[in-house]
Amino acid sequence: MSDAGEPDAMAEVTVREAVFALFRSFGLTTIFGNPGSTELPMFRDFPDGFRYVLALQESLAVGMADGYAQATRGAALVNLHSAVGVGHALGNIFTAFRNQTPLVITAGQQARSILPYEPFLYSEQAADFPKPYVKWSCEPARAADVPAAIARAYYIAMQAPRGPTFVSIPVDDWDQKCTPLDPRQVSQRIGADPTPLADAAAALARALRPVIVVGAGVARDDAWDEVIALAERHQAAVWVSPMSSRNSFPEDHRLFAGFLAADRARIVEALSGADFILVLGAPAFTYHVEGFGPHIPAGARLVQLTDNPTQAAWTPVGSSILTHLKLGVRALLEGPAPVLRPPPPPRPVPPRLAGGKLTDAYLLQQMAALRPPDSVIVEEAPSTRGPMHDYLPILKRDSFYTCASGGLGHGLPAAVGVALGRPQARVIALLGDGSSMYSIQALWSAMQLNLKVVFVIVNNRRYEALHQFAQHFNLSRLQGTRLPHIDFCGLARSFGMAAARVTRAPDLGVALTEAFTFTRPMLIEVIVDGADDRRPEDP
Ligand SMILES: Cc1ncc(C[n+]2csc(CCOP(=O)(O)OP(=O)(O)O)c2C)c(N)n1
């Protein structure tokens, strides 16, 4: 600035230079995207130290970025092509919003001078298009305001509850002049109000049968050790919240009680006998089916620790404390000593499977036995989730990811993103045949990036979860649930990826062992028993 406070001409840079300087200072040096004409000038003189990760469709760019951001515990940058790219991406933007994954999403827009003429690829009301599944969204009024919008998008994405933000940028903005913008420090963790927290700690200490319900917020805020310490201190049984998208407690721990169903009556039944329910980093509760009656057992008191004010506001019973989970649980650990109480009964161990039949449960039992101890599971295999809880226990922190939204098409690209973010880890993507087809092009990205991902396709040749769900509606015949004639090995090989098909239980061990030690990506297609059984559906 000059002495008169006027912008100093010497201090001017292009919008592109100012924005990439901000990206660099925020650590956003990997850009996931799919380019088009309205984004090309953004990448003129692409600076050193940045990499562009090409996704073959925009929803994959968002899914990969989501996995990458979760794996690195930072934000990820996504660039989309105008209205159509945002449209393709919306399903996974919805999932990133539910996952509370911080993403800074930019999208191209036509040049400002021709916007009045509805030009080709023009995005009408661009900033409104991704709402309500972005935390903040804007198309800056002037080119010179683009850097400030990017900075604001990043700070908001990283605030709790984290999530995607969106900036629409006209194509002619990138070469305009602006003053550079210095990055600022904006703190990212919020501590709890001490009064309700002390009250919760006292109630927990007094309770005769406390239980803890853990959700993805524990993993997001890295409160794994603190939650184990709290459960052990209080001899509290630990349940996983319904549809949790991350692992938050060792599933072989003596206090591990199991997984709550997304069903009100079944939650009340599972928690019956508890007099204090401490919900950590989870909604209380996620439901998937209609339910009536009480939300928690009679006589129980519920306290929720969450980083999400919206969740706190709609929680129907008990009290909620807004806090970063690690800070909140640490504070609870400093509460009064608990009354003496006996440990809860251990969770029943599921029977060992002999392996005559190649079921999904047997596949999971073999995966649990053969997978490298430090491997990471990314799952999108809906009807296999139940058997997974019994036969593929998740034992270590940050080693399980799935989507919190219920939207298919996230798991395959998210596995690629997790592998990119954690190059030392062996990532195993456990995918249904139906689910994998929403984003199958991400196999190409895994190959191009040469990531150590093993894609395990549970091929039952149908949308089995819908048949299971049909019982809830008393339906005996379904439409549109058969998936015959998909050759997953052929698809993988067409991208240059090694692949093997397993059709018999005795062949499974060799195939999995090869895949888990292979130095390149590999796909294993498992034709599970019953894959050719007809389910009731009209021909
Ligand atoms: C984007 C999207 N479309 C449709 C659905 C509905 N849906 C839920 S589970 C499911 C079947 C998934 O099939 P598959 O991956 O083969 O797993 P399976 O059910 O056989 O275990 C479908 C279509 C959804 N959840 N998300």
Side-chain angles (χ1 to χ4, degrees), residues 57-63 66 87-99 133 242-243 245 259 261-263 286-289 358-364 367 377-392 401-415 428-443 455-473 475 477-489 491-492 501-502 523-537:
Q57 207 256 25
E58 287 84 351
S59 75
L60 280 64
V62 175
D66 185 326
H88 283 170
L90 276 178
N92 273 338
I93 293 176
F94 165 63
T95 291
F97 186 79
R98 290 274 185 258
N99 284 355
Y133 297 114
M243 303 292 189
S245 61
F259 300 83
D263 176 325
T286 300
Y287 299 133
H288 190 188
V289 292
L358 183 45
T359 58
D360 54 0
Y362 181 69
L363 163 66
L364 297 162
M367 282 174 61
I377 306 286
V378 181
E379 177 259 334
E380 191 173 282
S383 72
T384 300
R385 175 82 66 86
M388 197 187 126
H389 291 160
D390 288 333
Y391 289 102
L392 181 56
Y401 302 84
T402 188
C403 79
S405 67
L408 303 179
H410 171 264
L412 208 168
I428 303 170
L430 178 67
L431 305 165
D433 51 336
S435 299
S436 64
M437 289 303 292
Y438 292 79
S439 300
I440 199 74
Q441 311 95 303
L443 293 180
F455 299 94
V456 178
I457 309 287
V458 187
N459 192 351
N460 54 20
R461 297 191 176 136
R462 59 179 168 260
Y463 290 151
E464 171 64 16
L466 298 186
H467 284 280
Q468 296 182 359
F469 211 82
Q471 294 163 16
H472 177 75
F473 294 115
L475 284 170
R477 285 187 99 74
L478 297 183
Q479 304 297 319
T481 59
R482 284 203 192 126
L483 303 174
H485 307 308
I486 304 176
D487 173 4
F488 287 93
C489 289
L491 284 168
R501 180 176 294 119
V502 180
L523 181 142
I524 304 285
E525 177 183 2
V526 182
I527 312 288
V528 291
D529 258 13
D532 290 319
D533 296 351
R534 290 278 157 131
R535 283 285 195 177
E537 182 187 302

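Atom set for the values below is all heavy atoms of this structure, side chains included, hydrogens, waters and symmetry mates excluded. Ligands are counted one by one from 1 in listed order, and the atoms in each one are counted from 1 as well.
- The shortest heavy-atom distance from P382 to ligand 1 is under 4.0 Å.
- Between L363 and the options V502, T384, V456, a side-chain contact (heavy atoms from CB on, under 4.5 Å) holds for only V456.
- Between H288 and F469 the shortest heavy-atom distance is CE1-CE1, 3.4 Å.
- For ligand 1, the polar-atom distance check against A381 finds no nitrogen or oxygen pair separated by under 3.5 Å.
- R98 meets the side-chain hydrogen bond (donor to acceptor under 3.5 Å, both in side chains) test with no other residue; sequence neighbours excluded.
- Shortest contact from atom 21 (O) of ligand 1 to any protein heavy atom: S383 OG, 2.5 Å.
- Contact check for Y438 versus L412: no side-chain heavy atoms found under the 4.5 Å cut-off.
- Between Y133 and F94, the angle of the ring planes goes over 60°, which puts this pair in the perpendicular group of the 30/60° scheme.
- Side-chain atoms of D66 and N99 form a donor-acceptor pair, as typed in the model, at a separation below 3.5 Å.
- Residue contacts with ligand 1: Y438 is included, with a non-hydrogen atom under 4.0 Å away.
- Taking distance alone, with nitrogen or oxygen atoms compared against 3.5 Å, R462 approaches ligand 1 more closely than that limit.
- Backbone and side-chain nitrogen or oxygen atoms of L408 are examined, and one is located within less than 3.5 angstrom of a nitrogen or oxygen of ligand 1.
- Heavy atoms of G406 approach ligand 1 to within less than 4.0 angstrom.
- Among protein heavy atoms, atom 13 (O) of ligand 1 sits closest to Y463 CD2, 3.2 Å.
- Residue-ligand proximity, A465 to ligand 1, at heavy-atom distances under 4.0 Å covers atoms 9 (S), 18 (P), 19 (O).
- The closest non-hydrogen atom to atom 20 (O) of ligand 1, taken over V458, N460, L431, D433, comes from N460.
- Scanning both residues, A465 and P382, for their nearest heavy atoms gives CB-CB, 3.6 Å.
- For atom 14 (P) of ligand 1, the closest non-hydrogen atom on the protein side is G434 N, 3.5 Å.
- With no hydrogens or angles considered, a side-chain donor-acceptor pair links H467 and T481 at under 3.5 Å.
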